[in-house]
Protein chains: 2
Amino acid sequence: MRDVAALAGVSVKTVSRVVNQEPSVSPDVAQRVRTAVATLGYRHHLGASTLRRTEQRTGTVAALLQDLSNAYSASVLRAIEVAAHERDIAVVASSLDEDPARERQIVEGLVRRRVDGLVLMPATASQAYLQPDLDAGLVTVCVDRHPQGISVDSVAVDGARGGALATTHLLDHGHRRVAFLGDDLRIETAAARYAGYERALAAREVALEPGLVVTGLRSAADAARAVHGLLDSTDPPTAIFAARNAVAEGAVRTLRERGVAHATALVGFDDFALADVLDPPLTVVRQDVDAIGAEVVSRLFARLDGDTSPPRAVDIDLELVRRGSGEIRPPH
Amino acid sequence: MRDVAALAGVSVKTVSRVVNQEPSVSPDVAQRVRTAVATLGYRHHLGASTLRRTEQRTGTVAALLQDLSNAYSASVLRAIEVAAHERDIAVVASSLDEDPARERQIVEGLVRRRVDGLVLMPATASQAYLQPDLDAGLVTVCVDRHPQGISVDSVAVDGARGGALATTHLLDHGHRRVAFLGDDLRIETAAARYAGYERALAAREVALEPGLVVTGLRSAADAARAVHGLLDSTDPPTAIFAARNAVAEGAVRTLRERGVAHATALVGFDDFALADVLDPPLTVVRQDVDAIGAEVVSRLFARLDGDTSPPRAVDIDLELVRRGSGEIRPPH
DNA sequence: TCCATGCTTGACAACGTTGTCAGGGCGAGT
DNA sequence: ACTCGCCCTGACAACGTTGTCAAGCATGGA
């Protein structure tokens with residue numbers, strides 16, 4: 001900047017004014033500065049700029065999601081990134097992999113970097129550790145799960161309603177032996193979907209059978225093993241509720257391998273590409289990921305723009321998409 | 001930091017030493033400082049730190065990929081992110097959407113932020129605009145496409161070989177009317193796959209028929225329209241090479257809708273989840289995305305660690321995965 | 001006892017930028 | 001001609017941190 005100033009024959013402050021497009025610079029001086037900037041290849045240093053500025057904004061937000069290679073996390077990231085780009089804001093992305101220690105470690109790194117905002121899909125049981133940073137002005141929006149121990153905006157779906165929707169649908173098609181396959185119940189979303197499953201069984205007065213509940217499933221391979229186990233049991237289920245997309249993937253594959261894809265009902269949670277062209281097409285409870293992303297972005301930027309209204313917990317609608325696999329009836 | 005120093009009864013420099021874990025601080029002073037840091041909730045300011053440091057590293061790298069919601073881009077991002085986390089490096093992620101102007105704009109923003117490294121899936125025809133920043137020490141690795149106008153590391157697959165692999169496979173199964181469905185040929189990867197298609201036809205002395213080539217397809221919906229068009233033509237293809245995963249998705253859906261999924265051979269490019277349980281299972285040319293990600297990460301961090309060997313262009317192997325759809329034979 | 005050595009600590013300036021404030025020039029109004 | 005006010009510009013300090021250098025102190029050897 002000093003060099004630019006020297007070449008243009010002005011002070012560094014004037015260069016600063018031109019770079020920041022402040023109005024009070026005469027056109028010919030501004031032009032001289034711009035020429036000097038171009039010939040020297042000068043690059044404005046955003047870090048130094050934010051350090052000095054009164055309003056300490058880095059123009060960076062972070063997205064802490066569970067797994068960036070999962071379509072759901074990726075969609076949320078995409079929504080944030082598109083909106084951020086319009087405002088010249090950079091997006092730092094991280095996967096948490098359901099690891100609370102990792103969440104805290106990554107958040108710490110981001111706070112050190114003074115990101116302006118955080119979109120968080122929490123892996124921790126409580127986010128109270130964030131309180132000092134929230135007080136210091138860190139804008140935070142939770143997604144997919146509700147905040148615990150702090151009071152911030154959140155955008156999620158009603159997982160219990162989704163679980164009930166899927167389970168009731170299977171019960172309505174005559175099933176009495178409906179299996180639940182999901183992730184670790186310590187994870188809020190898994191617990192909610194399971195609660196919906198239980199609630200639906202209770203509403204129809206169908207006894208909950210512990211042998212039909214398998215949790216802690218994270219990958220498609222985990223799910224495949226679980227389905228094999230259920231099918232090999234003495235009294236296998238006639239229907240399966242796969243409460244995660246990776247679990248649904250494993251279930252689809254296993255039912256097909258075992259040749260019972262048309263004999264066992266299956267409802268997945270979370271839609272994915274080509275679910276409609278599987279054989280049979282997969283019935284799912286769909287979360288509107290675009291709506292979730294849009295709402296997250298809207299809350300995040302509203303807060304960054306100074307919205308100080310009380311935190312909101314927004315629930316995005318769920319929808320049962322009937323495609324075939326969930327409408328299979330039980331034997332005889 | 002000043003407050004911490006005052007509370008601990010030491011100078012700011014000593015606080016700095018403790019924060020940076022420099023060895024020459026007596027244990028009791030260090031403890032006093034750490035206590036003060038904790039009680040005041042002090043957060044080290046990485047921006048100010050890098051501003052002052054001699055080695056101007058921000059501990060941030062950027063991934064500029066085509067579409068973060070696409071499984072391929074997402075996998076590359078994931079690989080970078082995992083490796084970066086181990087080194088306390090943050091990853092900024094952006095989608096370019098094949099838009100050259102967007103690429104330049106985003107790169108400019110990142111340079112202003114002084115990122116240490118760039119992983120770039122170029123959308124521009126030439127990346128010569130990066131030269132001044134490369135000279136200034138910006139580490140860059142291209143992925144999926146080779147750099148043009150600059151000399152940097154790159155990691156890609158041999159798209160022409162992939163196109164030839166797919167096309168030859170279809171020809172070997174007796175097809176003579178093989179359609180090519182792909183993206184705009186100005187995109188390097190699309191052009192390479194098409195070149196492979198042409199080369200394979202020529203090698204078998206099958207005439208190239210322009211009516212069987214549809215390009216500029218970006219989405220599954222685009223591909224669906226194209227397949228409908230081909231099937232409605234007077235002399236439809238007996239086999240289709242879908243040279244992108246979104247295109248394969250549209251082709252699968254359309255062939256199924258039209259009831260010819262078992263009568264028309266189909267080979268896709270790029271594997272995806274559940275391709276093995278489609279009906280028929282989808283034959284694809286698979287890129288080893290994990291290997292690509294690993295290689296990108298390895299090149300990037302080697303350069304950041306000071307490797308100054310000549311730039312390398314690494315080609316990752318392609319593999320034809322035979323699953324059924326590509327082995328369908330032409331009628332009679 | 002004295003000095004050299006090593007260890008710990010602090011004062012100061014500097015990184016690249018912008019907020020603050022003051023000064024110079026010029027046009028308009030009296 | 002003089003003053004007032006506006007417009008443009010620059011000098012200086014400061015943002016939060018660390019590199020440099022020098023000084024204080026204890027230790028150990030002569």
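Hydrogens, waters and symmetry mates are skipped; everything else that's a heavy atom, side chains included, is used. Naming convention: chains lettered A, B, ... in sequence-line order (proteins, then strands); numbering from 1 in each chain. Note that this is a predicted model, so its numbers are computed, not measured.
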Handout entry: Verdict with supporting geometry, B/Leu51 and A/His45, side chain to side chain contact (heavy atoms under 4.5 Å, CB included)
Key = CA-CA 9 Å; B/Leu51 179 60; A/His45 193 306; 4.3 Å; yes
Practice task
In plain terms, say whether A/Asp184 and A/Arg218 are close enough for a salt bridge, that is, a side-chain N and a carboxylate O under 4.0 Å apart.
Solution key: no
Practice task
In sequence, state the C-alpha distance, the side-chain angles, and the governing distance for A/Asp144 and A/Ile292, and then conclude on side chain to side chain contact (heavy atoms under 4.5 Å, CB included).
Solution key: CA-CA 8 Å; A/Asp144 194 48; A/Ile292 292 173; 6.0 Å; no
Handout entry: Verdict with supporting geometry, B/Ser95 and B/Asp97, side-chain hydrogen bond (donor to acceptor under 3.5 Å, both in side chains)
Key = CA-CA 6 Å; B/Ser95 297; B/Asp97 294 324; 5.0 Å; no
Exercise for the section: Calculate the interatomic distance between A/Arg114 atom CZ and D/dC15 atom P; express it in whole Å. Expected result: 14 Å
Handout entry: d(CZ, A/Arg2; P, D/dA11) in whole Å
Key = 13 Å
Exercise for the section: Looking at every strand, decide which applies to B/Arg43 at a 4.0 Å heavy-atom threshold: base, sugar-phosphate, or nothing. Expected result: sugar-phosphate
Practice task
Write down the distance between NE2 (A/His45) and P (C/dC15), rounded to a whole number of angstrom.
Solution key: 12 Å
Fill in the blank from the handout: Residues at least two apart in sequence or cross-chain that pass side chain to side chain contact (heavy atoms under 4.5 Å, CB included) with B/Arg17, listed by chain then number, are B/Lys13, B/Thr14, B/Glu22, B/Ser24, B/Val25
Completion exercise
Whole-Å distance, B/Leu51 CG to D/dT18 C1', equals 10 Å
Practice task
Write down the distance between CG (B/Asp28) and C1' (D/dC25), rounded to a whole number of angstrom.
Solution key: 14 Å
Exercise for the section: Verify whether one side chain among B/Asp307 and B/Ser309 offers a donor that lies under 3.5 Å from an acceptor in the other. Expected result: yes
Exercise for the section: Within residues 11-27 of chain A, find the residues that approach DNA chain D with a heavy atom at under 4.0 Å, and present them sorted by residue number. Expected result: A/Ser11, A/Lys13, A/Thr14, A/Arg17, A/Ser24, A/Val25, A/Ser26
Problem - Sidechain-backbone polar pair: B/Thr35 side chain, B/Gln31 backbone, donor-acceptor under 3.5 Å - result: yes
Fill in the blank from the handout: Whole-Å distance, A/Leu46 CG to C/dT18 C1', equals 13 Å
Problem - Residue closer to the 5' end of DNA chain C, A/His44 versus B/Ala48 (nearest nucleotide) - result: B/Ala48
Exercise for the section: Start with the C-alpha gap between A/Glu108 and A/Arg104, add the side-chain angles, then the distance that decides, and say whether salt bridge (charged side-chain N to carboxylate O under 4.0 Å, His left out) holds. Expected result: CA-CA 6 Å; A/Glu108 164 134 9; A/Arg104 299 192 58 152; over 6 Å; no
Problem - Integer-rounded Å distance: C/dT17 P and B/Arg113 CZ - result: 15 Å
Problem - Pairing of A/Arg87 and A/Asp116 as salt bridge, 4.0 angstrom limit - result: no
Practice task
Determine: side-chain N/O of B/Arg52 to OP1/OP2 of C/dA14, distance under 4.0 Å, yes or no.
Solution key: no
Fill in the blank from the handout: Pairs under 3.5 Å (Watson-Crick or G-U), crossing ones as [ ], inter-strand ones as |: DNA chain D comes out as ||||||||||||||||||||||||||||||
Problem - Nearest-angstrom distance from the residue atom CE of A/Met1 to P of D/dG10 - result: 12 Å
